[in-house]
Amino acid sequence: MVNYGFLKKLMVVGERHLLSEVVGYVDLAEKSNMLLIPAMDGSRGNIEKANSEIRMLEKKADELTMTLKHEITNGAISSTLMNSLFTLVENCDTLLDLSYFAIREMRRMMVPVQEFKEAEKSFIFKEYGKFTRMLDINEDALKSLKNMLLSENSEQMRLYRKQIEEKEEKVDELKDEVIDELYRNSSTIGYLTFSHLTDMVHKIDDLLDDCEDIADTVLTIITSLTK
């Protein structure tokens with residue numbers, strides 16, 4: 001079990017065990033992110049590899065979710081924390097759902113894109129390059145989230161929470177840049193390209209939003225324990 005330091009001093013056995021398992025989700029999300037980044041080059045090999053391996057990671061997250069929800073409802077968990085812990089587990093599971101959605105969409109898109117004109121292909125892969133930058137920031141956000149969970153005190157936790165917020169704001173800017181670019185080029189790209197890139201940019205942005213939601217829920221739990 002991960003040694004939580006500050007959290008370990010505050011929590012009863014059931015709550016401490018459950019929160020330590022949250023690090024497992026972050027580890028899975030980091031592996032998923034590391035698979036998505038090279039897939040953004042559009043090569044079929046990288047996309048197929050990412051699709052297969054992220055699918056397995058998403059299944060592991062689902063299994064962990066089932067286990068933890070059982071622990072929440074049947075273990076030594078304070079009733080006042082039960083709703084927050086359910087929210088935490090569901091948000092953590094969403095990290096892998098979002099990654100799997102993104103790679104499946106890329107895999108589907110690689111079939112029709114073979115028939116596209118070179119200009120439209122180039123446009124798609126240029127936007128994928130921006131998605132890579134967003135995923136690089138997501139990688140940093142996941143590191144901040146893990147550091148937050150391993151913090152020794154609530155002050156450190158809030159510092160890492162602030163870092164996640166700053167990273168989310170950077171990704172928001174990139175998301176807006178992609179959407180602006182899509183609308184500027186809407187008359188020269190097809191509907192499928194517009195729809196695909198719109199869905200992708202929102203899902204990748206959602207990764208950062210979800211990371212922020214997890215951090216907020218953890219702080220809510222800590223605040224309730226320290227009152």
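Because the structure is predicted, anything quoted here is derived from the model rather than measured.
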I'd like a table of donor-acceptor pairs (distance under 3.5 Å, sequence neighbours excluded) in which one partner is a side-chain atom from residues 107-116, with atom names and distances.
unit_1, atom_1, unit_2, atom_2, d
Arg107, NE, Glu48, OE1, 3.0
Arg107, NE, Glu48, OE2, 3.1
Arg108, NH1, Glu105, OE2, 2.6
Gln114, NE2, Met110, O, 3.1

Considering only distance and modelled atom types, tabulate donor-acceptor pairs under 3.5 Å from the side chains of residues 22-35, sequence neighbours left out.
unit_1, atom_1, unit_2, atom_2, d
Tyr25, OH, Thr65, N, 3.2
Tyr25, OH, Thr65, OG1, 2.6
Asp27, OD1, Lys146, NZ, 2.5
Glu30, OE1, Lys146, NZ, 3.1
Ser32, OG, Ser99, OG, 3.1
Asn33, OD1, Asn138, ND2, 2.8
Asn33, ND2, Leu135, O, 2.9

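Exactly one of Glu169, Arg161, Lys167 qualifies for a side-chain contact (heavy atoms from CB on, under 4.5 Å) with Glu212. That residue is Arg161. Each of Met40, Lys130, Lys175 was evaluated against Ile204; a single residue qualifies, Met40, per the side-chain contact (heavy atoms from CB on, under 4.5 Å) test.
For the pair Thr217 and Ser84, the tightest heavy-atom approach, listed with the atom from each and the gap, is CG2-O, 3.3 Å. Pairing each heavy atom of Ala39 with each of Met106, the nearest pair is O-CE, 3.2 Å. The heavy-atom pair separating Leu95 from Cys211 by the smallest distance is CD2-N, 4.3 Å. Considering all non-hydrogen atoms of both residues, Ala141 and Leu208 come closest at CB-CD1, 3.5 Å.
Partners of Lys162 according to the salt bridge (charged side-chain N to carboxylate O under 4.0 Å, His left out) rule, which considers only residues two or more places apart in sequence or in another chain, are Glu165. Applying the salt bridge (charged side-chain N to carboxylate O under 4.0 Å, His left out) rule to Lys203 yields no partners; only residues at least two apart in sequence or on another chain are considered.
In this structure, Lys170 does not pair ionically with Glu173, as no charged nitrogen and carboxylate oxygen lie closer than 4.0 Å. Ion pairing between a basic and an acidic side chain is recognised when a charged N comes within 4.0 Å of a carboxylate O; Glu58 and Arg55 show no such pairing. For the pair Glu155 and Arg158, the salt-bridge criterion is not met [side-chain N within less than 4.0 Å of a carboxylate O].
Side-chain atoms of Phe131 and Ile37, non-hydrogen and from C-beta on, never get closer than 4.5 Å to each other. The shortest side-chain heavy-atom distance between Leu219 and Met148 falls under the 4.5 Å cut-off.
Here the NZ atom belonging to Lys69 is positioned 11.5 Å from the OG1 atom belonging to Thr67, to the nearest 0.5 angstrom.
Residue pairs meeting the ring-ring contact (aromatic ring centres under 6.0 Å, His included) criterion with at least one member in residues 195-224, sequence neighbours excluded: Tyr128-His196. Applying the ring-ring contact (aromatic ring centres under 6.0 Å, His included) test to every pair with at least one member in residues 132-185, sequence neighbours left out, gives these pairs: Tyr183-Phe194.
Using modelled atom types, no side-chain atom of Glu120 and backbone atom of Thr193 make a donor-acceptor pair closer than 3.5 Å.
Around atom NZ of Lys126, more than 12 heavy atoms belonging to other residues, nucleotides or ligands sit under 6.0 Å away.
Cluster membership check: Ile179 shares its hydrophobic cluster with Leu174, using side-chain heavy-atom separations under 4.5 Å among Ile, Leu, Val, Met, Phe, Trp and Tyr.
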